Amino acid sequence: MIKKVLIANRGEIALRVHRACKEMGIATVAIHSEADRDAMAVRLADESVCIGPAPSAQSYLKKSQIIAAAEITGADAIHPGYGFLSENAKFAEMVEAHGLIFIGPTAEHIRTMGDKIAAKQAMIANGVPVVPGSDGGITSIDQAKKVARDIGYPVLIKAAAGGGGRGMKVAEDEDALETAIKTAKTESKAAFGDDAVYLEKYLGKPRHIEVQIIADTHGNVCHLWERDCSLQRRHQKVLEEAPSPALTDEQRNEIGDIVAKAVQKMGYRGAGTMEFLCENGQFYFIEMNTRLQVEHPVTEMITGIDLVREQIRVADGKKLSFSQDEVLLVGHAIECRINAEHAETFVPSPGTITDFHAPGGPDVRLDSAVYSGYRIPPHYDSLIAKLIVHGRSRKECVMRLRRALDEMVVGGVDTTLDLHRKLVEAEDVVDGNYDIHWLERYLGLK
Ligand code: ADP
């Protein structure tokens, strides 16, 4: 039985995991770098351990130090959150080799899905539709030219080890192909230490739609509907919603079933997300994330299911606490990612929060670990809060989001709050009428 969980992360997600543990009567251990001594999760956790200096490479990414902290504190399990070591197969293996429970899938599944070429091939084998492209990696320029001619330009060169939108290059025509491949390879080698790349059809007006699943070790798999994360800047999600305003109930049931069946065939355990691009009613798999996602709260708001709680339950060998028929879809939810960045230039703005007021009222949730007087360290990503609101309809949700955004105060640092205030007034956003390129066009980047 899991009695104590070490949270191998920081910021809002560390607090999110802590909250689920407390509601389950589970003790928590927060780890932190020297720069995060004053973090909220550190203050609230039952115990905390400093694992190293500020840079992530010397703290949040130090596998052996984290495992040592779990052993010293007598934790039974480690929750990796998202980012950092959450999709590191070696870490999952090490955790289990030390007799601890990794709250996540098996190392084998993490490894397969972490290689996007292998992931795509696994999906094809399990009946999931994928973006047309090279069958495996690019082995030569001639092979790439042939594939590109067959599927038609523009094409996208993507890194097998890619993540966070890095290592992707568009080639508009054959003349641009060779350079695109070379640049993608160089970028990928520098960022991920691996230069394997593959080729895909570049879709012009797709939406990014992803399906949340969770599986236990007794063969039960449920999908928890989809999230629409099409509002992106530089391939990074800015605002997410559930359900997608672009799908019919029939389409949502269909894609949910396809995903749940594939996941069952894989023998997967834990939470995961299958990401798709959707254009003209067709779904194309792009990748699977083998962890909890930043935007998981919108799913929690429409289903009433606590995903972290279920993650912990299935890691502990328990059955899912619901069946597919019991997964509700009530109303609509939207999440705004609020970053400590300038709302127009997106320049990060670390520093001290001098004034902080959280919005409240019915169906408003703020997942944040900051407080008045908190100093945002410059070493990590700039996400400081996720504002999530629910409404019985999408319209009610948008109206509530406007009022919640108006109530929120973050003083002392620049934030993207003003961008969100503008977005919820934009006609296309209000109408749910946008694709993955909409935001960059709106920001004048395209
Ligand atoms: P990463 O793991 O780096 O986030 P993904 O494969 O998940 O990469 O893609 C991230 C984003 O890049 C997608 O949400 C979408 O906006 C864009 N993208 C990916 N593949 C394609 C494609 N074939 N055509 C057009 N856009 C794409």
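Bear in mind that the values here come from a model prediction, so they are computed numbers and not experimental data. Counting starts at 1 for both ligands and their atoms, following the listed order.
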Novice: Check for me whether Lys116 has a heavy atom closer than 4.0 Å to any atom of ligand 1.
Specialist: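 Heavy atoms of Lys116 do come under 4.0 Å of ligand 1.
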Novice: Mind checking whether Leu203 has an N or O less than 3.5 Å away from an N or O of ligand 1?
Specialist: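 N/O-N/O distance under 3.5 Å: yes.
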Novice: So, Arg337 and Glu240, do they make that salt bridge, N to O below 4.0 Å?
Specialist: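 The answer is yes: the pair qualifies as a salt bridge.
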Novice: Any side-chain heavy atom of Met288 within less than 4.5 Å of one from Tyr268?
Specialist: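 Heavy-atom side-chain distance check passes, below 4.5 Å.
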Novice: Does Lys158 come within less than 4.0 angstrom of ligand 1, counting non-hydrogen atoms of the residue?
Specialist: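 Lys158: in contact with ligand 1 (<4.0 Å).
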Novice: Does a side-chain heavy-atom distance below 4.5 Å link Thr303 with Gln212?
Specialist: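 Of all side-chain heavy-atom pairs linking Gln212 with Thr303, none is under 4.5 Å.
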Novice: Could you tell me the residue and atom name of the protein heavy atom closest to atom 17 (C) of ligand 1, and the distance to it rounded to 0.1 Å?
Specialist: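 Checking every protein heavy atom, the shortest distance to atom 17 (C) of ligand 1 gives His235 ND1, 3.4 Å.
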Novice: Just jot down the ligand 1 atoms closer than 4.0 angstrom to any heavy atom of Met168, in number order.
Specialist: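 Close to Met168: 3 (O), 8 (O), 9 (O), 10 (C), 12 (O).
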Novice: What's the shortest distance from atom 3 (O) of ligand 1 to any protein heavy atom, and which residue and atom give it?
Specialist: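 Checked against all protein heavy atoms, atom 3 (O) of ligand 1 sits closest to Gly165 N, 2.5 Å.
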Novice: Report the relative orientation of the aromatic rings in His223 and Trp225; use parallel for angles under 30°, tilted for 30 to 60°, perpendicular for over 60°.
Specialist: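 Plane angle over 60°, so perpendicular.
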Novice: Sorted by first residue and then second, give each ring pair (Phe, Tyr, Trp, His ring centres under 6.0 Å) pair with at least one member in residues 374-399; sequence neighbours left out.
Specialist: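 Pairs touching residues 374-399 that pass the test: Tyr60-Tyr380, Tyr371-Tyr374.
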Novice: Tell me, which pairs form a salt bridge (Lys or Arg N to Asp or Glu O under 4.0 Å) where one or both residues lie in residues 183-194, sequence neighbours left out?
Specialist: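 Passing the test, one end in residues 183-194: Lys169-Glu187.
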Novice: Out of all atoms in ligand 1, which are within 4.0 Å of some heavy atom of Glu275? Include the element for each.
Specialist: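 Near Glu275, meaning under 4.0 Å from one of its heavy atoms, ligand 1 has 7 (O).
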Novice: Please list the nearest protein heavy atom to atom 7 (O) of ligand 1 with its residue and the distance rounded to 0.1 Å.
Specialist: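 For this ligand atom, the closest protein heavy atom is Glu287 OE2, 2.6 Å.
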Novice: What do you reckon, does Tyr202 have a nitrogen or oxygen under 3.5 Å from a nitrogen or oxygen of ligand 1?
Specialist: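 No.
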Novice: Find all atoms of ligand 1 within a distance of less than 4.0 Å from any non-hydrogen atom belonging to Ile436, and give their numbers and elements.
Specialist: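 In order of numbering, the contacting atoms are 15 (C), 16 (O), 26 (N).
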Novice: Do Val130 and Gln121 have side-chain heavy atoms sitting under 4.5 Å apart?
Specialist: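 When only atoms from C-beta onward are counted, Gln121 and Val130 do not touch, as no gap falls below 4.5 Å.
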Novice: What protein heavy atom sits nearest atom 27 (C) of ligand 1, and how far off is it?
Specialist: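 Scanning the protein heavy atoms, the shortest distance from atom 27 (C) of ligand 1 goes to Leu277 CD1, 3.5 Å.
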Novice: Knowing that exactly one of Lys116, Arg227, Lys237, Arg207 qualifies, which makes a salt bridge (charged side-chain N to carboxylate O under 4.0 Å, His left out) with Glu275?
Specialist: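 Answer to the salt bridge (charged side-chain N to carboxylate O under 4.0 Å, His left out) test with Glu275 among Lys116, Arg227, Lys237, Arg207: Lys237.
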Novice: Quick test: of every protein heavy atom, which one is nearest to atom 16 (O) of ligand 1, and how far off is it to 0.1 Å?
Specialist: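 Among all protein heavy atoms, the one nearest atom 16 (O) of ligand 1 is Gln232 OE1, 2.7 Å.
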